[in-house]
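Worksheet for the structure shown next.
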There are 2 protein chains.
Amino acid sequence: MDASRIDQKLSEFARLSRERGLSITHQRLAVYRELLASGEHPDAETIYRGIHEKYPTISLATVYKALDTLLELGVITMVKSTDGIMRFDANTEPHHHLVCVRCGKLLDIGSEELGPLPALRSRLKGFKVLNYSIEVEGICPECQVKGQSTS
Amino acid sequence: MDASRIDQKLSEFARLSRERGLSITHQRLAVYRELLASGEHPDAETIYRGIHEKYPTISLATVYKALDTLLELGVITMVKSTDGIMRFDANTEPHHHLVCVRCGKLLDIGSEELGPLPALRSRLKGFKVLNYSIEVEGICPECQVKGQSTS
DNA sequence: TTACCTGCAAAGTATTTGCGCGTTC
DNA sequence: GAACGCGCAAATACTTTGCAGGTAA
């Protein structure tokens, strides 16, 4: 994400924080900025390491607390992963995921890249349907190269 | 799943085990049977509790080890969940999930219930596409009743 | 009989919590 | 100045591991 877009997101975060009476702290800004700048879907530990250079005194617990706050504000989302580690995503637009079954790499894909998708029924098994996302499994370019002999 | 289908699955498991030189133990059969009988997607603890009546001496560690073995045999799959707990699924057919955003309840849905879905491109962002699954978010009947005032 | 598997207990990893001090508003 | 949030360390929750005895083939 480019710098001006990030600033825009950060001030949106500030606005929401003020609205709810939450403090705008360096730590929360740093966590959110780190997540916005990353095209990946890092876990708490990775975010912590990324921030640590600029804020050597920040603690991992604070990163978890900041992520919690950002989730409550609705500016980030949680991403489930098969390895049992929580990953986070600053992209809150509806989108889909492309995941490598070999190395676990996870990329966002927009609806437009998937082509036209049908609208779902508004009710399924008694559930009121809100939205849906598609998880595409595949093999990433790197793993295709590495795994030519074993596939 | 009905009893005859379960027996069929269990003997398939026995066949695969023999093929790979793995022992067919009561504990593994019990774990697999529990998972087959459950329409839900239980976690290790839940499976353990379900088995415990019949096998009071089984340990939770054994349940984890049995689940590992079943995963390796490919007769069950892991299901990611937002709460950071691994859940398991004896349904290895390609299928989709319907999840309640309020209570986390998770149901399987077959492709036929979603209606016609378009074929995806065979390559996306350099990935070789293998397959995909759809996660539908919604509100389950129980939560619709409970949450009428708050929604 | 022999190799594999179980059950126990202890360790490991990811995440959460309590609390006194520091920071934001 | 008061409320809120941070950092530390300890606690918790889920899962994995090592090993001695037991079980399947």
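Each chain gets a letter, A, B and so on, in the order the sequences are listed, and its residues count up from 1.
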For A:I85 and C:dT16, give me the distance from atom CD1 to atom C1', rounded to whole Å.
17 Å
Length of the line joining A:K65:NZ and C:dA14:C1', which is rounded to integer Å
16 Å
Can you measure A:D83 atom CG to D:dT16 atom C1' for me and round it to whole angstrom units?
15 Å
Using a strict 4.0 Å threshold on nitrogen-to-oxygen distance, state whether A:E137 and B:K128 make a salt bridge.
no
Rounded to whole Å, please give me the gap between CE in B:M78 and P in D:dC14.
15 Å
Which heavy-atom pair separates A:L67 from A:F88 by the least distance, and what is that distance?
CD1-CE1, 3.5 Å
For A:D68 and C:dA14, what is the distance between atoms CG and C1' respectively, to the nearest whole Å?
14 Å
More than 12 heavy atoms from other groups under 6.0 Å of CD on A:E19:
yes
Dump the intermediate steps for side chain to side chain donor-acceptor pair (under 3.5 Å) on A:D7 and A:S4, then the final yes or no.
CA-CA 5 Å; A:D7 289 344; A:S4 70; over 6 Å; no
Please work out which residues in residues 25-64 of chain B have a non-hydrogen atom less than 4.0 Å from an atom of DNA chain C and list them by number.
B:T25, B:Q27, B:R28, B:T57, B:I58, B:S59, B:A61, B:T62
C:dT6 P sits how many Å from B:L22 CG, rounded?
10 Å
If you only use heavy atoms from C-beta on, which nucleotide in D:dT15, C:dT17, C:dT15 is closest to the side chain of A:M86?
C:dT15
Please report, rounded to the nearest Å, how far the P atom of C:dC25 is from the CZ atom of A:R18.
8 Å
Pairing residues for A:R49 by the salt bridge (Lys or Arg N to Asp or Glu O under 4.0 Å) criterion, not counting sequence neighbours:
A:E45
Salt-bridge test for B:R87 and B:E40: reply yes if a basic N is under 4.0 Å from a carboxylate O, no otherwise.
no
Spacing of B:R15 atom CZ relative to D:dA25 atom C1', expressed in whole Å:
19 Å
